[in-house]
Amino acid sequence: SQTIHQWPATLVQPVGSPLSLECTVEGTSNPNLYWYRQAAGRGLQLLFYSVGIGQISSEVPQNLSASRPQDRQFILSSKKLLLSDSGFYLCAWGLAGVEDTQYFGPGTRLTVL
Amino acid sequence: QKEVEQNSGPLSVPEGAIASLNCTYSDRGSQSFFWYRQYSGKSPELIMSIYSNGDKEDGRFTAQLNKASQYVSLLIRDSQPSDSATYLCAVSGSGGSNYKLTFGKGTLLTVNP
């Protein structure tokens, strides 16, 4: 069966510091991978998605970036965090052409102070 | 701008009652529809998917889809306190972007013992 991992689970960072969040998927090959952010009281916002290694599409212009160095690894980064980057970051995976279903990881709660 | 609309609630029902959650969407080309449950502080969990007009039942859950009216709903029969959560409606894209989901902001359901 497939499993998705995210770490860290929680993170408190000062404004202006860098960020690296990691997501890995087990038990499948060539998944579609997604990064979402859920801010307090707001809906899920798609940040990035990837349909293959090295293929990254950005949905929202911002100070975040994403990379996919391996088939089942997805990384969200920032060089300098803003207060507005605080939120619940969720990684999700899905299989191309398989009913468009997405499955979420446990998430990382980021607080920028 | 593709939109998915849900009543934010809170929707409060007594234990054992039927809870009815509704969702409308703007993209007529959408083909896949999902309901996720999100407990406070946790990541969304897929509970139902539906792709054809009509009803789809899974245990105490029934999803209903009406593409002509661009409407999807979730019924929870014999509601339990453990069903208390935020329910997110998600709709796939169209025109080749079916692997991207648009989420509503969610409806908070409270089941009172």
Side-chain angles (χ1 to χ4, degrees), chain A residues 1-10 21 23 25 28 30-52 55-60 66 74 87-111, chain B residues 1-10 21 23-27 29-52 56 58 63 65 67 72 85-108:
Chain A
S1 64
Q2 298 86 5
T3 309
I4 180 169
H5 303 279
Q6 284 187 249
W7 64 90
T10 60
L21 303 181
C23 169
V25 180
T28 188
N30 195 31
N32 291 337
L33 296 173
Y34 308 83
W35 277 113
Y36 290 87
R37 177 171 60 203
Q38 189 175 41
R42 301 182 65 179
L44 280 166
Q45 180 186 34
L46 178 62
L47 303 175
F48 300 94
Y49 65 94
S50 172
V51 299
Q55 300 179 57
I56 308 294
S57 297
S58 174
E59 288 291 296
V60 182
F74 207 21
F88 193 32
Y89 287 81
L90 293 155
C91 181
W93 73 273
L95 288 178
V98 182
E99 301 178 330
D100 312 319
T101 308
Q102 293 182 22
Y103 302 91
F104 286 88
T108 295
R109 191 160 303 279
L110 171 66
T111 303
Chain B
Q1 180 81 10
K2 298 169 185 174
E3 296 182 345
V4 176
E5 300 287 344
Q6 297 181 251
N7 289 329
S8 62
L21 304 164
C23 172
T24 59
Y25 59 95
S26 64
D27 187 350
S30 297
Q31 297 296 320
S32 304
F33 307 86
F34 307 91
W35 285 99
Y36 289 82
R37 177 177 62 200
Q38 186 174 24
Y39 292 114
S40 180
K42 301 296 185 181
S43 64
E45 172 192 12
L46 179 69
I47 54 172
M48 288 288 288
S49 58
I50 188 166
Y51 308 97
S52 304
K56 179 182 178 182
D58 183 0
L65 175 62
K67 290 184 180 179
V72 59
T86 296
Y87 289 80
L88 304 175
C89 174
V91 177
S92 70
S94 60
S97 63
N98 50 292
Y99 50 85
K100 294 197 293 183
L101 300 182
T102 300
F103 286 80
K105 292 185 178 181
T107 298
L108 176 62

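So that the names make sense, note that chain A is the first sequence line, chain B the second, and so on, each numbered from 1. All values derive from a computational prediction rather than experimental measurement. For the numbers below, each heavy atom of this structure counts, side chains included, while hydrogens, waters and symmetry mates do not.
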Open item on the list: Is A:Q38 in contact with chain B via its backbone, its side chain, both, or neither, using a 4.5 Å heavy-atom distance?
Closed with: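 The answer is the side chain of A:Q38.
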- [ ] Starting at OH of A:Y36, measure out to CG of B:L101 and round the result to the nearest 0.5 Å.
- [x]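 The distance works out to 5.0 Å.
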Task: Pairwise distance OH(B:Y36) to OG1(A:T101) - rounded to 0.5 angstrom - done: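 Result: 6.5 Å between the selected atoms.
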TODO: Could you have a look at A:Y34, A:Y103, A:Y49 and say which one has the most heavy-atom pairs with chain B under 4.5 angstrom?
DONE: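 It is A:Y49.
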Task: Most chain B-contacting option - heavy-atom pairs closer than 4.5 Å, from A:V51, A:L90, A:L44 - done: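 With the most close heavy-atom pairs to chain B, the winner is A:L44.
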Open item on the list: I'd like to verify something: which residue of B:S92, B:G106, B:P44 has the highest number of heavy-atom pairs under 4.5 Å with chain A?
Closed with: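 Going by pairs under 4.5 Å, I would pick B:P44.
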Task: Most chain A-contacting option - heavy-atom pairs closer than 4.5 Å, from B:S43, B:S8, B:G93 - done: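 Most pairs with chain A among the choices: B:S43.
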TODO: Examine whether an atom of B:Q6 lies under 4.5 Å from a heavy atom of chain A, and if so say whether it belongs to the side chain, the backbone or both; otherwise answer neither.
DONE: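 Contact with chain A is absent: no heavy atom of B:Q6 under 4.5 Å.
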TODO: Report, as yes or no, whether the 6.0 Å neighbourhood of atom NZ on B:K105 holds more than 12 heavy atoms from other residues, nucleotides or ligands.
DONE: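 For B:K105, atom NZ is not crowded (no more than 12 foreign heavy atoms under 6.0 Å).
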Open item on the list: Donor-acceptor pair, distance only, cut-off 3.5 Å: does the side chain of A:Q102 make one with the backbone of B:Y99?
Closed with: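 The answer is yes, because a donor-acceptor pair under 3.5 Å joins these two groups.
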